[in-house]
Amino acid sequence: MGDFNLTVILDAIRRSSGGLSRVELAQIVGLSPQTISNISRRLLDQNLIVEAGKEGTGPGKPRTILRLNPKGMYALGVHLDPAVTTFVVLDLVGSVVRHARIDTPGGNDPSAVITTIADQIGRLVDDSGVDRDRIAGLGVAAPGPIDLDNGTVVDPPLLPGWDRVELRNALSTATGYSVLVDKDVTSAAVAETWAGGPSGSGSFVFMYMGTGIGCGIVLNDEVVRGTSGNAGEIGHIMVDPDGPPCDCGLRGCVKSSCIPQVLVAEAEAAGILDGARPGNSGAEVQQSFTRLCELADAGDERAVAIIDKSATLVARAISVVTNTLDVERVVFGGPFWSGMAERFLEKVPPLLEGNSAARLIHPIEVVGTGVGEDVGAIGAASLVLEHTLAPRAQRLLLDS
């Protein structure tokens, strides 16, 4: 119970932008002043919080404000996307201390990619200058599907050769850190709750725009992972009955109609993009998709039409999700998001409103991520902070 109360207090301080006094903490979390005082002392001794001055203008003694100590704990994050792999060192308040980005190594050899990731992590920690003893662990955001319990990547459609790769164990052995693995879309949602500000509160879906498209789900400030950790797989929602055939046997699914690889192929077939790409790796698709978005921004009507059509189709998929979950917000982000942001933020909100079952009761806000384009890696690092510090019901269970 003591550890649970500690995490409740730490979480309350984290969620307050200006910090809280012990009196305010007692009012918010419902614990006795003595319990608040004892736990605050433990947190101060562990350097997880600091006393940040005094406040008070009325009668009585000024109150000492408690805030998180950014240097009290760090976490490492890796986002493995088929196109690009991103690395961050995150401090306790969710700020990026150091980051790096590389094209994801090609080929179908997971062990070579894992070795590269481990080498990059070592270099990143050295460059960051942080105290290694204060690094709580390493989080990894990977494409789904995953086996959450075993930290295994299970044959993601856009990473050939990654069939049941025990990523958690391999990286733990290679780096020496405790490792957590979660789905990329879930990690992005976690990042939004930890570092996104107002867009990361309440109930929302995080629309992850990467090599694939998926969604992370947060309901009443709780991240929803599903039975096996694979919630948010929307690739087979049908958005265009007359669209291209999908490998599931249907036509016009998100996977066969909306992902960047499909849009690039459409642009190449129409002569908008040069179709002489040397290959079809994630990095090459991203380069071509970036060029397509640049042409749209420059006013190329054919490029605009492709991006706008994808916005319409993606909005249909989002409508299915938002009507099912009754959320208040849709947050877009991911490694491919920045290129399409302007067109999507113009096109999606009215389409979403028109299809909203609850439009006469509440609006659905549509925003870009408050975290930035490193949201996947920041989310991976936030997994470590969430696991270590966030209040969880399991902490209340007593050993039998």
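Model, not experiment: these values are computed from the prediction.
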**OP:** Verify, without hydrogens or angle tests, whether Ser256 (side chain) and Pro244 (backbone) share a donor-acceptor contact under 3.5 angstrom.
**Re:** yes
**OP:** Can you establish whether the number of heavy atoms outside Gln46 located under 6.0 Å from its atom CD is more than 12?
**Re:** yes
Original post:
Taking only residues two or more places apart in sequence, or in another chain, which ones meet Asp247 in a salt bridge (charged side-chain N to carboxylate O under 4.0 Å, His left out)?
Top reply: Lys255
Original post:
When you look at CZ of Arg302, are more than 12 heavy atoms from neighbouring residues, nucleotides or ligands closer to it than 6.0 Å?
Top reply: yes
Original post:
Ion pair present between Asp45 and Arg41, side-chain N to carboxylate O less than 4.0 angstrom?
Top reply: yes
**OP:** Answer with yes or no whether the hydrophobic clustering places Ile146 together with Val224; edges join I, L, V, M, F, W, Y residues whose side-chain heavy atoms lie under 4.5 Å apart.
**Re:** no
Original post:
Can Ile39 be reached from Val23 by stepping across I, L, V, M, F, W or Y side chains whose heavy atoms are under 4.5 Å apart?
Top reply: no
Original post:
Side chains of Gln261 and Thr211: do they bring a donor and an acceptor to under 3.5 Å?
Top reply: no
**OP:** Let me know which of Pro335, Ser187, Cys215 forms a side chain to side chain contact (heavy atoms under 4.5 Å, CB included) with Tyr208.
**Re:** Pro335
**OP:** Name all residues meeting the side-chain contact (heavy atoms from CB on, under 4.5 Å) criterion together with Ser203; count only those two or more places apart in sequence or in a different chain, and write none if there are none.
**Re:** Leu219, Asn220, Val327, Glu328
Original post:
Within the side chain of Ser128, is there an N or O that forms a donor-acceptor pair under 3.5 Å with the backbone of Val125?
Top reply: yes
**OP:** Side-chain contact test, heavy atoms from C-beta onward, threshold under 4.5 Å: evaluate it for Ile121 versus Leu76 and give yes or no.
**Re:** yes
**OP:** State, without any angle test, whether His79 and Asp374 hold a side-chain donor-acceptor pair at a distance under 3.5 Å.
**Re:** no
**OP:** Indicate whether the side chain of Ser319 and that of Thr322 have a donor and an acceptor atom separated by less than 3.5 Å.
**Re:** no
Subject >> Salt bridge flag under 4.0 Å for residues Glu386 and Arg225 >> reply: yes
**OP:** Kindly assign one of parallel, tilted or perpendicular to the pair Phe336 and Phe289, based on the angle between their ring planes and the thresholds 30° and 60°.
**Re:** tilted
Subject >> Partners passing side-chain contact (heavy atoms from CB on, under 4.5 Å) against Arg291 (at least two apart in sequence or in another chain) >> reply: Leu273, Glu294, Leu295
Original post:
In this structure, which one of Ile364, Leu325, Thr193 forms a side chain to side chain contact (heavy atoms under 4.5 Å, CB included) with Phe204?
Top reply: Thr193
**OP:** Using a strict 4.0 Å threshold on nitrogen-to-oxygen distance, state whether Glu192 and Arg329 make a salt bridge.
**Re:** no
Subject >> Val254 vs Leu313 side-chain heavy atoms within contact, under 4.5 Å >> reply: no
Original post:
Hey, are Tyr74 and Asp133 close enough side-chain-wise for a donor-acceptor pair under 3.5 Å?
Top reply: no
Original post:
Any side-chain heavy atom of Ile234 within less than 4.5 Å of one from Met207?
Top reply: yes
Subject >> Distance-only polar pair, side chains of Asp109 and Ser111, donor-acceptor under 3.5 Å >> reply: yes
Original post:
Is Arg22 salt-bridged to Glu51, going by a charged N under 4.0 Å from an acidic O?
Top reply: yes
Subject >> Carboxylate-amine/guanidinium proximity below 4.0 Å for Arg251 and Asp242 >> reply: no
**OP:** Give a yes or no on whether a salt bridge exists between Arg98 and Asp126, defined as a side-chain N under 4.0 angstrom from a carboxylate O.
**Re:** no
Original post:
Do Leu66 and Leu20 have side chains that get closer than 4.5 Å, going by heavy atoms?
Top reply: no
Subject >> Pair Val181-Leu148, side chain to side chain contact (heavy atoms under 4.5 Å, CB included): steps then yes or no >> reply: CA-CA 7 Å; Val181 173; Leu148 187 63; over 6 Å; no
